[in-house]
Amino acid sequence: MMLWLILFILLAFLTFSAFVGYKMVKPPRFVGDWTPRDLGYDYEDVTIETRDGLKLSGWWIPNGDKTVIPLHGYTRSRWDEVYMRQTIEFLLKEGYSVLVFDFRAHGKSEGNYTTVGEKELIDVISAIDWLKKHHPENAEKIGLVGFSMGAVVTIRALAEDERIACGVADSPPIYLNKTGARGLKYFANLPEWLYYFVKPFTKLFTGGKELNMVEYAHRVKKPLLLIAGEKDPLVRPEEVREFYERNKKVNPNVELWVTDAPHVRTLKLHPEEWKARVEDFLSRHL
């Protein structure tokens, strides 16, 4: 009887872990009702086919010969109003064209599961493919502005795609296991230790590979602005600072700005300073 009870508890625990893992890689889709026209700009609904066969939904907003691609975070989409709407409007006012899309398994894009930065690199590279094909006149200078998961992809893309000139990474998770564990507590009020039982199921569902972001500190050699918040419950500022110190050894054009904000909230709390710093960075490197 005791053995059966132990087996039942173990099975229940594994089932719960699998359920949590499934929910982590299949977040609810966030879709809004505003469009760039509400910001005063004409736009085109676009479909971007990824190199691995998915169709991503996005907007193309022509506005200048240089293009910036904003990248949203985990569970969000281009409709996010905490940082994406403000970023899109800011970039347009500064005279940049904007290509913005929903990552796989987010918003209106295809895809069953998110890999929180691993396969999402394919999405960005495919978006640049689309831009080069359909609007080559706007694709000579391309910048990225990424938030959280989008910041991870920004850092990776700078190392992987020579067509990108520079990138802004706001609140980038550096140690993904630590951020994932903190995320369980932050998003679901579950103990952080549970993550290490949940993680194998997330990899099983998605087929995603494990990322080592620290290795990119030795690979990124293009202009990069890192933004971290002292009150961030998911990404410790000292982790971003460690990445910065490592990257600085090979990249003279890396910058770090540490603020008093929570996760991806610097733009919300310090909008004018965020815009001034990001515009200064983009104007120098685009």
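Atom set for the values below is all heavy atoms of this structure, side chains included, hydrogens, waters and symmetry mates excluded.
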J.: Hey, could you give me the CD1/CD distance between I61 and E89, rounded to the nearest 0.5 Å?
T.: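 The CD1 atom of I61 sits 10.5 Å away from the CD atom of E89.
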J.: Using the rule that two of Ile, Leu, Val, Met, Phe, Trp, Tyr join whenever any of their side-chain heavy atoms come within less than 4.5 Å, decide whether L256 and V235 are in one cluster.
T.: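 Linked, L256 and V235 end up in one cluster.
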J.: Might you confirm whether atom NZ of K231 has over 12 heavy atoms from other residues, nucleotides or ligands at distances under 6.0 Å?
T.: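 Atom NZ in K231 is not crowded, with 12 or fewer foreign heavy atoms closer than 6.0 Å.
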J.: Is the backbone N or O of G64 less than 3.5 Å from a side-chain atom of S97, with the two atoms forming a donor-acceptor pair by type?
T.: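 Confirmed, S97 side chain pairs with G64 backbone.
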J.: Go through it in stages, so that I can follow the logic: the residues are R156 and L211, the test is side chain to side chain contact (heavy atoms under 4.5 Å, CB included), and I'd like the CA-CA distance, side-chain angles, deciding distance and then a yes or no.
T.: CA-CA 10 Å; R156 297 188 66 214; L211 288 179; 3.6 Å; yes
J.: Check step by step if salt bridge (charged side-chain N to carboxylate O under 4.0 Å, His left out) holds for E238 and K178.
T.: CA-CA 13 Å; E238 56 267 25; K178 292 180 180 180; over 6 Å; no
J.: Any chance CG of N189 has more than 12 other-residue heavy atoms, nucleotides or ligands included, within less than 6.0 Å?
T.: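 Counting neighbours around CG of N189, 12 or fewer heavy atoms of other residues, nucleotides or ligands fall under 6.0 Å, so no.
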J.: For the residue pair R78 and S57, what are the closest heavy atoms and their distance?
T.: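 For R78 versus S57, the nearest heavy atoms are NH2-OG, 2.6 Å.
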J.: Do F103 and H72 pass the ring-ring contact (aromatic ring centres under 6.0 Å, His included) test, and can you show the C-alpha distance, the side-chain angles, and the key distance before you say yes or no?
T.: CA-CA 8 Å; F103 278 120; H72 67 79; 5.0 Å; yes
J.: More than 12 foreign heavy atoms under 6.0 Å from CD of E137: is that the case here?
T.: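 Yes - once you tally the heavy atoms of other residues, nucleotides and ligands closer than 6.0 Å, there are more than 12.
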J.: Can you tell me if S171 uses its side chain to pair, donor with acceptor, with the backbone of H263 under 3.5 Å?
T.: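 Here the side-chain-to-backbone pair does not exist.
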J.: Please round to the nearest 0.5 Å and tell me the distance separating atom CZ of F30 and atom NE2 of H106.
T.: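 Interatomic distance, F30 CZ to H106 NE2, rounded to 0.5 Å: 11.5 Å.
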J.: Roughly how far, to the nearest 0.5 Å, is OG1 of T47 from CG of L56?
T.: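 L56 atom CG to T47 atom OG1 measures 9.0 Å (nearest 0.5 Å).
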J.: Can you tell me if K185 has over 12 outside heavy atoms packed within less than 6.0 Å of its NZ?
T.: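 No, the 6.0 Å shell around NZ holds no more than 12 heavy atoms from other groups.
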J.: Apply side chain to side chain contact (heavy atoms under 4.5 Å, CB included) to E120 and M149, showing your working.
T.: CA-CA 9 Å; E120 286 71 17; M149 177 178 73; 4.3 Å; yes
J.: Look only at the side chain of R163 and the backbone of I125, and say whether a donor-acceptor pair between them is shorter than 3.5 Å.
T.: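 Yes.
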J.: Side chains of N251 and K222: does their closest heavy-atom pair fall under 4.5 Å?
T.: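 Sidechains of K222 and N251: no contact.
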J.: If you measure only the distance, is there a donor-acceptor pair under 3.5 Å linking the side chains of S109 and R29?
T.: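 No - no donor-acceptor pair under 3.5 Å links their side chains.
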J.: Honestly curious: do Y83 and F90 fall in one hydrophobic cluster under the side-chain, below-4.5 Å linking rule?
T.: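 Yes, same cluster.
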J.: So does K141 pair up with D65, basic N to acidic O under 4.0 Å?
T.: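 Judged by the 4.0 Å cut-off on N to carboxylate O distance, K141 and D65 do not form a salt bridge.
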J.: Are I227 and Y175 co-members of a hydrophobic cluster defined by side-chain heavy atoms under 4.5 Å apart?
T.: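 Each belongs to a different hydrophobic cluster.
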J.: For the hydrophobic clusters of this structure (ILVMFWY residues joined by side-chain heavy atoms under 4.5 Å, transitively), does one cluster hold both V152 and I155?
T.: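 Same cluster: V152 reaches I155 through Ile, Leu, Val, Met, Phe, Trp or Tyr contacts under 4.5 Å.
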J.: Taking the inter-plane angle between the rings of W130 and H135 on a 0 to 90° scale, is it parallel (under 30°), tilted (30 to 60°) or perpendicular (over 60°)?
T.: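 The arrangement is tilted - the two ring planes meet at 30° to 60°.
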J.: How about K199: does its NZ atom have over 12 heavy atoms from other parts shown lying under 6.0 Å from it?
T.: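 For K199, atom NZ is crowded (more than 12 foreign heavy atoms under 6.0 Å).
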J.: Could you pull out the closest heavy-atom pair between W274 and D170, with the gap in Å?
T.: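 Answer, listing the atom of W274 first, then D170: NE1-OD2, 3.1 Å.
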J.: Is there a donor-acceptor pair under 3.5 Å between the side chain of E242 and the backbone N or O of E239?
T.: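 It does not hold such a pair.
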J.: So which of V100, L144, L91 actually passes side-chain contact (heavy atoms from CB on, under 4.5 Å) with I69?
T.: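 Only one of V100, L144, L91 forms a side-chain contact (heavy atoms from CB on, under 4.5 Å) with I69, namely L144.
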J.: One pair to check against salt bridge (charged side-chain N to carboxylate O under 4.0 Å, His left out): R85 and D80. What are the steps and the verdict?
T.: CA-CA 6 Å; R85 178 168 178 159; D80 170 84; over 6 Å; no
J.: Answer yes or no: is there a donor N or O on one side and an acceptor on the other, between the side chain of E230 and the main chain of P237, under 3.5 Å?
T.: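 Here the side-chain-to-backbone pair does not exist.
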J.: Answer yes if V214 and V254 sit in the same cluster of Ile, Leu, Val, Met, Phe, Trp and Tyr residues linked by side chain heavy atoms under 4.5 Å apart, and no otherwise.
T.: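 Yes, V214 connects to V254 through the hydrophobic network.
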J.: At their closest point, which heavy atom of F281 faces which heavy atom of L224, and how far apart are they?
T.: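 Nearest pair, atom of F281 first, then L224: CZ-N, 3.6 Å.
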J.: Salt bridge or not for K275 and D280, using N-O below 4.0 Å?
T.: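 Answer for the salt bridge query: no.
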J.: What distance separates F243 CZ from I174 CD1, expressed to the nearest 0.5 Å?
T.: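 Going from the CZ atom of F243 to the CD1 atom of I174 covers 5.5 Å.
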J.: Start with the C-alpha distance between R104 and D52, add both sets of side-chain angles, then the distance that settles salt bridge (charged side-chain N to carboxylate O under 4.0 Å, His left out), and finish with yes or no.
T.: CA-CA 11 Å; R104 62 184 60 207; D52 59 347; 2.9 Å; yes
J.: Pair F101, W59 - check ring-ring contact (aromatic ring centres under 6.0 Å, His included), show working.
T.: CA-CA 6 Å; F101 62 89; W59 296 321; over 10 Å; no
J.: Could you walk me through whether R182 and E192 pass the salt bridge (charged side-chain N to carboxylate O under 4.0 Å, His left out) test, one step at a time?
T.: CA-CA 6 Å; R182 295 167 190 150; E192 293 186 13; 5.3 Å; no
J.: Search all heavy atoms of S148 against all heavy atoms of P173 and return the closest pair with its distance.
T.: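 Of all heavy-atom pairs spanning S148 and P173, the closest is O-CD, 3.5 Å.
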J.: Have a look at N63 and tell me which of Y96, Y41, Y43 forms a side-chain contact (heavy atoms from CB on, under 4.5 Å) with it.
T.: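 Among Y96, Y41, Y43, the one that satisfies the side-chain contact (heavy atoms from CB on, under 4.5 Å) with N63 is Y41.
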J.: For a quick test of reading the model, state the closest non-hydrogen atom pair linking T206 to T114 and the distance between them.
T.: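 What the structure gives for the nearest pair is CG2-O, 3.5 Å.
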J.: Enter the distance from E160:CD to L121:CG here, rounded to the nearest 0.5 Å.
T.: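 Spacing of CD (E160) from CG (L121) equals 5.5 Å.
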J.: When you measure from the side chain of N247 to the backbone N and O of A217, does any donor-acceptor pair fall under 3.5 Å?
T.: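 Yes, N247 side chain to A217 backbone: donor-acceptor pair under 3.5 Å.
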J.: Show, in sequence, the C-alpha distance, side-chain angles and deciding distance for D161 and V124, and conclude whether the side chain to side chain contact (heavy atoms under 4.5 Å, CB included) test is met.
T.: CA-CA 9 Å; D161 195 322; V124 172; over 6 Å; no
J.: OH of Y22: more than 12 outside heavy atoms within 6.0 angstrom?
T.: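 Count not over threshold, so no.
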J.: My understanding is that only one of F205, Y195, F201 makes a side-chain contact (heavy atoms from CB on, under 4.5 Å) with M24; could you say which?
T.: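 Of the listed options, the one satisfying the test is Y195.
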J.: Without swapping roles, check the side chain of K66 against the backbone of I142 for a donor-acceptor pair under 3.5 Å.
T.: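 No: the side chain of K66 does not pair with the backbone of I142.
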J.: Would you say the ring centers of F197 and F13 fall short of 6.0 Å from each other?
T.: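 Under 6.0 Å, so yes.
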J.: Distance-only, no hydrogens or angles: does the E49 side chain make a donor-acceptor pair with backbone N or O of K55 under 3.5 Å?
T.: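 Side chain of E49 to backbone of K55, a donor-acceptor pair under 3.5 Å: no, none is there.
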J.: Is the shortest side-chain N to carboxylate O distance from D45 to K108 below 4.0 Å?
T.: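 Salt bridge: no.
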J.: Before giving the answer on side chain to side chain contact (heavy atoms under 4.5 Å, CB included), spell out for W79 and D102 the whole-Å C-alpha distance, their side-chain angles and the decisive distance to 0.1 Å.
T.: CA-CA 9 Å; W79 284 284; D102 303 326; 3.5 Å; yes
J.: Is E255 paired with R284 through a side-chain N to carboxylate O contact shorter than 4.0 Å?
T.: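 The answer is yes: the pair qualifies as a salt bridge.
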J.: Taking all non-hydrogen atoms of both residues, which atom of C166 and which atom of L286 are closest, and how far apart?
T.: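 Looking at all heavy atoms of both residues, the shortest contact is SG-CG, 3.8 Å.
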J.: What distance do D232 atom CG and D260 atom CG have between them, rounded to the nearest 0.5 Å?
T.: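 D232 atom CG to D260 atom CG measures 12.0 Å (nearest 0.5 Å).
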